[in-house]
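Notes for the one structure printed next.
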Amino acid sequence: MDVSIVVLAWEDFHRTRDCVLSLPAEAEIVVVDNGSSAEIRQALSEFCAQQGVTYVQSGSNLGYARGMNLGVRHTSRANVILSNNDIVVHGDAVARLLTALEDPEVGAAFPAVVTPEGVPQTEGGRFLTMGVGLGHATGLSLVVPRLRIVAPPEQADWLTGPFVALRRSTFDAIGGVDETSFFYSEDMRLCWAVRRQGKRLAYVADAVIMHEDDATAKRRWSAEEISERRTREFIRASRDLGGRRGRVAATAYVCGILLRAAVGRDSVRRAIARGAVAGLRAS
C-alpha cells in the first residue's frame, strides 16, 4: 500500500493508540507527538516501537499545520494521509481514498465522517464570496440555499479534514499545510490551495471514519472558546485567501453574525461575534 499516514497527537495516548490500531498494517505510519508531557511521550514512544511505527517528537506544541508538515518530512511513499488522532478508520476506507487519488484531476480525497454513535458528521462549506457574505448579512441565505456558508459534501468548495488523502506531489506543490494558522481552518486553506492547482476535491462516501469532534480542543477550551477560535480563523482565512473581495465578503458576513448575536444574546453567539470581529482585525 503506497501511502504514509501522519497521525498528530497531543497529550492523548489512548485515542492515538486506537487510531493507529485501526490503520492498515501495510501503510507507513508516522505519529507526531506535538509536545506532550513526559508520561505521554514515554507511552507513545513505547507503543510506536512495539507497532513498528515511526515516532517523531516535536519538542513543543507546534500547532496543527507545523506538526503535520513535520510528520510528512518523515514519510517516504507516493501518497500521504493527514490524520487527527481522535479518529478510527472503518473497513477499507484508506484503500477507497487511494483509489480516488488515481484520477489525476483529483487533488485531495475526503471520507465520510460519523460520530462515535454513528451519526453522519461530514462537514463542508462554500468559500466566502460576496454573494454568500451579503446573503448572510441580509438573511437571504435562509431562503436561497446556494448563499449559505454550509453545503452538502458533494457540492462543497471545501471539506473538513480530520482525515484527508493527497498525492505527495500535490502536497509538495501547495507547499504543505498552510502554517498561517496555529489551529482551525487549515482544512479550508488546504482545499483552497488544492483548487488553485487546478485540481478538484473527491468526497468518497463509501470510505468511512469515526471522528470524535474537537476531542483535543474540549480538554483545553470551553464551548464558547472553541466557537470564538473557530470563527476567528474562518474569517481570517476567508479574508486572506479572497483578497479585496474576500475582505468585503468577510465584512458583510461578520455584520450578519453581529446581528444574530444581538438578537440571540446567548453565550455561544456572543463568542462567535467576538471571534468574527477578531478575525477581521487580526494581522
Side-chain angles (χ1 to χ4, degrees), residues 5-10 19 32 34 62-72 79-87 89 93 97 100-101 106-115 120-129 132 149-167 170-197 199-205 207-217 226-227 229-242 246 250 275 279:
I5 305 175
V6 179
V7 180
L8 186 64
W10 177 74
C19 174
V32 177
N34 214 7
L62 303 178
Y64 177 90
R66 291 177 64 196
M68 283 298 187
N69 289 338
L70 172 63
V72 172
N79 301 289
V80 295
I81 291 177
L82 311 179
S83 175
N84 288 12
N85 73 316
D86 54 356
I87 69 99
V89 173
L97 293 174
L101 290 181
V106 171
F110 294 79
V113 183
V114 299
T115 68
Q121 190 194 50
T122 309
E123 296 180 358
R126 295 182 174 88
F127 294 130
L128 192 47
T129 62
V132 171
I149 198 65
V150 297
E154 300 86 354
Q155 303 170 18
D157 295 329
W158 60 273
L159 291 153
T160 51
F163 198 79
V164 53
L166 308 90
R167 286 182 291 276
T170 301
F171 182 89
D172 292 339
I174 66 175
V177 185
D178 187 343
E179 297 183 1
T180 304
S181 175
F182 181 81
F183 197 53
Y184 289 131
S185 286
E186 300 91 351
D187 38 18
M188 186 172 75
R189 292 177 181 271
L190 183 144
C191 292
W192 178 279
V194 167
R195 289 184 178 277
R196 294 273 290 184
Q197 293 291 317
K199 305 294 184 181
R200 66 178 179 87
L201 310 179
Y203 168 59
V204 187
V208 181
I209 67 160
M210 182 278 289
H211 179 222
E212 190 176 347
D213 193 29
D214 278 328
T216 298
I226 291 172
S227 296
R229 288 170 181 270
R230 272 184 163 174
T231 306
R232 182 191 67 203
E233 293 308 316
F234 170 73
I235 294 298
R236 191 164 72 88
S238 298
R239 183 200 66 186
D240 294 348
L241 297 175

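Just so you know, these numbers use all the heavy atoms, side chains as well, and skip hydrogens, waters and symmetry mates. This chain uses plain numbering: 1 for the first residue, then up along the sequence.
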>> Going by the rule ring pair (Phe, Tyr, Trp, His ring centres under 6.0 Å), which residues pair with Tyr64 if we only count those two or more places apart in sequence or in a different chain?
In response: none

Student check: side-chain heavy atoms of [X] and [Y] closer than 4.5 Å:
X: Pro111; Y: Val204; value: no
X: Val6; Y: Val32; value: yes
X: Leu101; Y: Leu97; value: no
X: Leu82; Y: Val72; value: yes
X: Phe163; Y: His211; value: no

> Residues in side-chain hydrogen bond (donor to acceptor under 3.5 Å, both in side chains) with Asp187, at least two apart?
Replying inline: none

For [X], all residues meeting side-chain contact (heavy atoms from CB on, under 4.5 Å), sequence neighbours excluded:
X: Arg196; answer: Trp192
X: Ala9; answer: Thr16, Leu44, Asn85
X: Val208; answer: His90, Ala112, Val114

Just verifying a value: how many Å separate [X] [atom1] and [Y] [atom2], rounded to the nearest 0.5 Å?
X: Asn34; Y: Arg66; atom1: CG; atom2: CZ; answer: 9.0 Å
X: Thr115; Y: Met210; atom1: OG1; atom2: CE; answer: 8.5 Å
X: Ile235; Y: Leu128; atom1: CD1; atom2: CG; answer: 6.0 Å

Of all heavy-atom pairs between [X] and [Y], which one has the smallest distance, and what is that distance?
X: Glu186; Y: Ala65; value: CG-CB, 4.4 Å
X: Met68; Y: Asn84; value: CE-N, 4.4 Å
X: Ala108; Y: Val194; value: N-CG1, 4.2 Å

Name each donor-acceptor pair under 3.5 Å that joins a side chain in residues 152-162 to protein atoms two or more places apart or in another chain, with its distance.
from	atom 1	to	atom 2	distance (Å)
Asp157	OD2	Phe127	N	2.9
Trp158	NE1	Arg126	O	3.3
Thr160	OG1	Glu123	O	3.3

Result block: side-chain N/O donor-acceptor pairs under 3.5 angstrom for residues 173-183, not counting sequence neighbours:
from	atom 1	to	atom 2	distance (Å)
Asp178	OD1	Thr180	N	2.8
Asp178	OD1	Thr180	OG1	2.5
Asp178	OD2	Arg189	NH1	3.3
Glu179	OE2	Asn69	ND2	2.8
Ser181	OG	Phe183	N	3.4
Ser181	OG	Phe183	O	3.4
Ser181	OG	Tyr184	O	2.9
Ser181	OG	Glu233	OE1	3.1

> Name the one of Ile209, Thr122, Val164 that satisfies side chain to side chain contact (heavy atoms under 4.5 Å, CB included) with Phe110?
Replying inline: Val164

